[in-house]
Amino acid sequence: MNFHQKTIDELFISVGQVVGIHVFVIVLERALWKTQLKYEEAAMIKISEDGASLKEMFEIEQDRAILVVHEFLINIVNTLGHLVGKQLAKQLTEELDAIDM
């Protein structure tokens with residue numbers, strides 16, 4: 001789970017610099033909304049202008065938490081794909097798929 005938090009933090013910094021923090025917060029909020037449609041536990045993910053926090057995800061069964069967070073990451077990438085282009089989204093998706101769950 002710490003790896004997922006680090007990945008989100010790195011995305012927040014790098015993409016936030018490109019599109020702006022406020023825009024990226026909107027991307028995170030949309031990705032969270034889409035994730036909540038599939039996993040109600042996603043409501044435990046907290047988003048602010050400082051990034052996304054997964055701390056509350058440690059309260060649920062870890063295999064389930066990893067599924068939720070992975071879905072959240074995929075939704076971030078898909079939303080970014082619509083915003084900044086498919087090539088970046090493809091690259092990010094390939095990196096996420098390389099994560100050994």
Please answer whether the main-chain N or O of [Y] pairs with a side-chain N or O of [X] as donor and acceptor at a distance below 3.5 Å.
X     : Y     : result
Gln5  : Ala52 : yes
Glu71 : Thr35 : no
Glu40 : Lys38 : no

Notebook entry, point to check: Should the heavy atoms of other residues, nucleotides or ligands under 6.0 Å from CD of Glu61 be counted, would the total exceed 12?
Noted result: yes
Note to self: How about NZ on Lys46, more than 12 heavy atoms from neighbouring residues, nucleotides or ligands closer than 6.0 Å, or not?
What the structure shows: yes
How long is the span from the [atom1] atom in [X] to the [atom2] atom in [Y], to the nearest 0.5 Å?
X     : Y     : atom1 : atom2 : value
Phe24 : Ile76 : CZ    : CD1   : 5.5 Å
Arg30 : Leu80 : CZ    : CG    : 11.5 Å
Asn78 : Leu73 : CG    : CG    : 11.0 Å
Leu54 : Lys6  : CG    : NZ    : 14.5 Å
His70 : Asn75 : NE2   : CG    : 10.0 Å

Notebook entry, point to check: Gln62 and Met57: which non-hydrogen atoms are nearest, and at how many Å?
Noted result: NE2-O, 3.6 Å
Check: Between Ile47 and Leu28, what is the shortest heavy-atom contact and its length?
Finding: CD1-O, 3.3 Å
Next item on the list: For the pair Met44 and Ile60, evaluate side-chain contact (heavy atoms from CB on, under 4.5 Å) and give the outcome as yes or no after the intermediate values.
Entry: CA-CA 10 Å; Met44 300 173 90; Ile60 64 173; 3.7 Å; yes
Shared hydrophobic cluster, [X] / [Y] (ILVMFWY, side-chain heavy atoms < 4.5 Å):
X     : Y     : value
Trp33 : Val77 : no
Leu32 : Val23 : yes
Ile26 : Phe72 : no

